[in-house]
2 protein chains.
Amino acid sequence: MPKPGPGLRLIDVAHRAGVSLATASRALAGREGVSEEVANRVRQVADELGYVANPFARTLAGGASTTVGLIVHQVDDPYFAEIAGGVIGLADEQRLLVQICHSGRDPGHELRQIRHLIAQRAGIIIIAGSGYDDPRAEAEAEAVLSGYQRGGGRVAVIGRHALGADAVLPDNEAGGHAVTAHLLGLGHRRIAVAAGAPGLNTVIDRMAGVASALREHGLSLDDLPVVHTDFVREGGRTATERILAEHPSTTAIIALNDAMAMGVLAMLRERGIGVPTRMSVVGFDDVSVAADLAPSLTTVRLPMIDMGRMALELALEPAGAGPRRRPTGHQLIVRDSTGPAPDQSR
Amino acid sequence: MPKPGPGLRLIDVAHRAGVSLATASRALAGREGVSEEVANRVRQVADELGYVANPFARTLAGGASTTVGLIVHQVDDPYFAEIAGGVIGLADEQRLLVQICHSGRDPGHELRQIRHLIAQRAGIIIIAGSGYDDPRAEAEAEAVLSGYQRGGGRVAVIGRHALGADAVLPDNEAGGHAVTAHLLGLGHRRIAVAAGAPGLNTVIDRMAGVASALREHGLSLDDLPVVHTDFVREGGRTATERILAEHPSTTAIIALNDAMAMGVLAMLRERGIGVPTRMSVVGFDDVSVAADLAPSLTTVRLPMIDMGRMALELALEPAGAGPRRRPTGHQLIVRDSTGPAPDQSR
DNA sequence: CTGAAAGCGCTAACAT
DNA sequence: ATGTTAGCGCTTTCAG
């Protein structure tokens, strides 16, 4: 397709700087064996000419690849959009290019994307999004990735623990605990959970946090309705419908992410159920619109943009002895969608 | 079980199939000049061995690049996230990889990104987002891109007209007209506009639509306050502050995109100004959260996801004689943020 | 410290 | 129809 790029090659820079190809290469790669003086001259000339190495030639010749592959569920999901924004932000600074693909929360498709990225010789692969409770798929992904890592590829994951790679781990359990404790503190006891697919690690972890908070108040998950639907807005709507129909006395709904919470709020609005007067609602993630919803959403803030950056930072460092883990921290953000439990004591 | 073997080269496949390198290359590329029989044998051997071509070698040697570069303002802006989602969706189907970079709405940075993408030998470049009213920057971008296109690169743009490339053109003017006519129809006359930077084509076009609707009602843009701030949420907030302070009798605010509209709504909420009772608000784009805001936002729907797909479709077709243009259509979505003008007859 | 030269794996002219 | 060969632009020995 595209034949000539800028047509500017390393050899041109070399000539212009009055040095050989090899020296120019060394200078720009910051390798040993060039005097500071010459190296600086070369770098300056390269700069002036706006030289950018041809990554294909570079990689083919055995150099490092400068593209990072990023796999997300969907970029047009705000959670992943923010993560992607973080990755791209740091990548820009490092002059790296980011290739984004969608996993669609389908383990098979995700595996295909990983393979594709490897075949394209991405030097770094970042996988964002929940792992699956699907041992076979996970094992295969792990096998492929560990082969890739053995070959020098760097991998970082966001929000999954079982992949033998450096990981950014969102505070899912602690966050689930925080948000549940908040509700319990407001006096709510008839709480329902709008959860995503039960096979997603994220769902499992957040549920664990919910469960532990309940336990501290002498309750158990078994006491409350947990509705598993899709981990997206529409799932929140249908979950709410079910909760309303089957457990009308519910006073609070925990949505396991903000997308679902938006669906929950929408359905409550349609049904004319006041929030938080008759029903409190909490979400999880604090996507940027959470503050603008009707009413503004109480949720757990996860630093998505930073998470993206952190993942790339991890991947940029040389591999350690074992997988590194980097927790994200979290913050309970109380807004207008939660209030005291209505007094329905008798 | 075929496993993509690094170290497995085309020459190995060729030997194994008892043909020459060139023949194997032709067979796998589906090019002319190989008997069906031989071609099939080669393909089968390649399959058995799990051969995957090295894209770097392929591209370096002048083959087609399978990556498409996408430049957006920011992926974590919902408007661009949806466009990106559309591009990636189609790219996935075509087994293409998408490289995303941020322009940050800075002409200089955008130009740098274009150059970077070209240097990376992206076969296709898609630029989403408004052009700038900056002749020098635009001219330079056009020059670089036309060189790229002359070399066989394909370019498609979304929402800018002055780049000599195939374009997807959002119905900015018609949409601006529609939304303004809606307000006028509700009896509003004291209308203010919260606009983005005056140099953005998108802003200019949408304003033109606003102006034409006003004209039909015997009004003119000069009659109303137009506040230019940043084309993002925060800009909507500050614009609203100014409008409230300087034109307290305003009954409706036109925000030139949904992000700004969100800021407008937020500020009105803070000030305790009822929407739509005391103030109507309209946005533009219909990002997916527009329906979930407080109150839900009246806006103009643009098919962002399709726009992304269309752009890639255009780029995938061979270049035409001249630049193709593809309008998007639009749809006025009336929700709860607009109502009749309050009766302040004096 | 620097330069010359040998590939990396593939495509595409050029031969046969 | 098939084979031979010259690069693509870079990194990396290996000489000097």
Side-chain angles (χ1 to χ4, degrees), chain A residues 1-43 45-46 49-67 118-121 123 151-152, chain B residues 4-43 45-46 49-67 118-121 123 151-153:
Chain A
M1 291 172 104
K3 260 312 180 37
L8 186 63
R9 293 156 313 163
L10 182 53
I11 186 98
D12 302 322
V13 175
H15 284 158
R16 183 78 163 248
V19 299
S20 76
L21 181 59
T23 301
S25 172
R26 290 184 188 110
L28 293 182
R31 244 169 298 139
E32 286 300 279
V34 200
S35 65
E36 256 320 298
E37 187 197 328
V38 173
N40 280 332
R41 180 151 38 92
V42 172
R43 276 191 281 263
V45 170
L49 268 43
Y51 169 76
V52 182
N54 179 325
F56 294 93
R58 190 205 283 282
T59 306
L60 180 57
S65 154
T66 59
T67 82
I118 293 176
Q120 298 278 343
R121 306 297 195 278
Chain B
L8 185 61
R9 293 155 314 161
L10 181 53
I11 186 88
D12 302 323
V13 175
H15 285 159
R16 183 79 163 248
V19 299
S20 77
L21 181 59
T23 300
S25 173
R26 291 183 187 109
L28 293 182
R31 246 170 296 144
E32 285 301 276
V34 200
S35 66
E36 255 321 297
E37 188 197 328
V38 174
N40 281 331
R41 180 151 39 93
V42 172
R43 277 190 280 261
V45 170
L49 266 43
Y51 169 76
V52 180
N54 180 326
F56 292 89
R58 191 205 282 281
T59 305
L60 181 59
S65 152
T66 59
T67 82
I118 293 176
Q120 298 277 344
R121 304 301 191 278

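Numbers restart at 1 for each chain; the letters A, B, ... are given by sequence-line order, proteins then strands.
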- Hey, does the side chain of B/T23 come within less than 4.0 Å of D/dG3's phosphate (OP1/OP2), counting only N and O? yes

- Message: Is B/Y51 close enough to C/dC10 that one of its side-chain N or O atoms is under 4.0 Å from OP1 or OP2 there?
- Response: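 It does, given that an N or O in the side chain of B/Y51 lies less than 4.0 Å from OP1 or OP2 of C/dC10.
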
With sequence neighbours left out, write down each residue that passes side chain to side chain contact (heavy atoms under 4.5 Å, CB included) with [X], or none if nothing qualifies.
{"X": "A/D12", "value": "A/L8, A/R9"}
{"X": "A/E32", "value": "none"}
{"X": "A/E36", "value": "A/N40, A/R43"}

- Is A/R41 close to A/V38 at the side-chain level, that is, under 4.5 Å between some pair of heavy atoms? yes

Show me the donor-acceptor pairs within less than 3.5 Å that the side chains of residues 19-29 of chain A make with the rest of the protein, sequence neighbours left out.
unit_1 : atom_1 : unit_2 : atom_2 : d
A/S20  : OG     : A/A22  : N      : 3.4
A/S20  : OG     : A/T23  : N      : 3.2
A/S20  : OG     : A/T23  : OG1    : 3.2
A/S25  : OG     : A/R31  : NH2    : 3.2

Could you give the [atom1]-to-[atom2] distance, from [X] to [N], as a whole number of Å?
{"X": "A/R58", "N": "C/dC10", "atom1": "CZ", "atom2": "P", "value": "21 Å"}
{"X": "A/L28", "N": "D/dC10", "atom1": "CG", "atom2": "C1'", "value": "11 Å"}
{"X": "A/I11", "N": "C/dA6", "atom1": "CD1", "atom2": "C1'", "value": "15 Å"}
{"X": "B/F56", "N": "D/dC10", "atom1": "CZ", "atom2": "C1'", "value": "13 Å"}
{"X": "B/R121", "N": "C/dT11", "atom1": "CZ", "atom2": "C1'", "value": "15 Å"}

Nearest of [options] to any side-chain atom of [X]?
{"X": "A/S25", "options": "D/dT12, C/dT11, C/dG9", "value": "D/dT12"}
{"X": "A/L10", "options": "D/dG3, D/dC10, C/dA4", "value": "D/dC10"}
{"X": "A/L60", "options": "C/dC8, C/dT11, D/dC10", "value": "C/dC8"}
{"X": "A/A61", "options": "C/dG7, D/dT12, C/dG9", "value": "C/dG7"}

- Task: Not counting sequence neighbours, which residues clear side-chain hydrogen bond (donor to acceptor under 3.5 Å, both in side chains) with A/Q120? List them please.
- Result: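 Applying side-chain hydrogen bond (donor to acceptor under 3.5 Å, both in side chains) to A/Q120 gives A/H116, B/T66.
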
- Task: Check each residue of residues 34-42 of chain B for a non-hydrogen atom within less than 4.0 Å of any atom in DNA chain C, then write out the ones that pass by number, or none.
- Result: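 Of all residues in residues 34-42 of chain B, none places a heavy atom under 4.0 Å from DNA chain C.
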
Give me, pair by pair, the N or O atoms of the protein and of nucleotides 13-16 of chain D that are less than 3.5 Å apart, along with how far apart they are.
unit_1 : atom_1 : unit_2 : atom_2 : d
D/dT13 : O4     : A/R26  : NH2    : 3.4

- Describe the nucleic acid contact of A/A53 in one word from base, sugar-phosphate, nothing, applying a heavy-atom distance below 4.0 Å. sugar-phosphate

- Using atom types as modelled and distance alone, determine if a side-chain donor or acceptor of B/R121 lies under 3.5 Å from a backbone N or O of B/A119.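 It does hold such a pair.
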
- Looking at five pairs on each end of the helix from C/dC1-D/dG16 to C/dT16-D/dA1, what is the angle between the two axes, given to 10 degrees?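 One end axis against the other gives 40°.
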
- Rounded to the nearest 0.5 Å, how far apart are CG of B/L10 and NE2 of B/H15? 10.0 Å

- 5' precedence on DNA chain C between B/N54 and A/E32 (nearest-nucleotide basis): A/E32

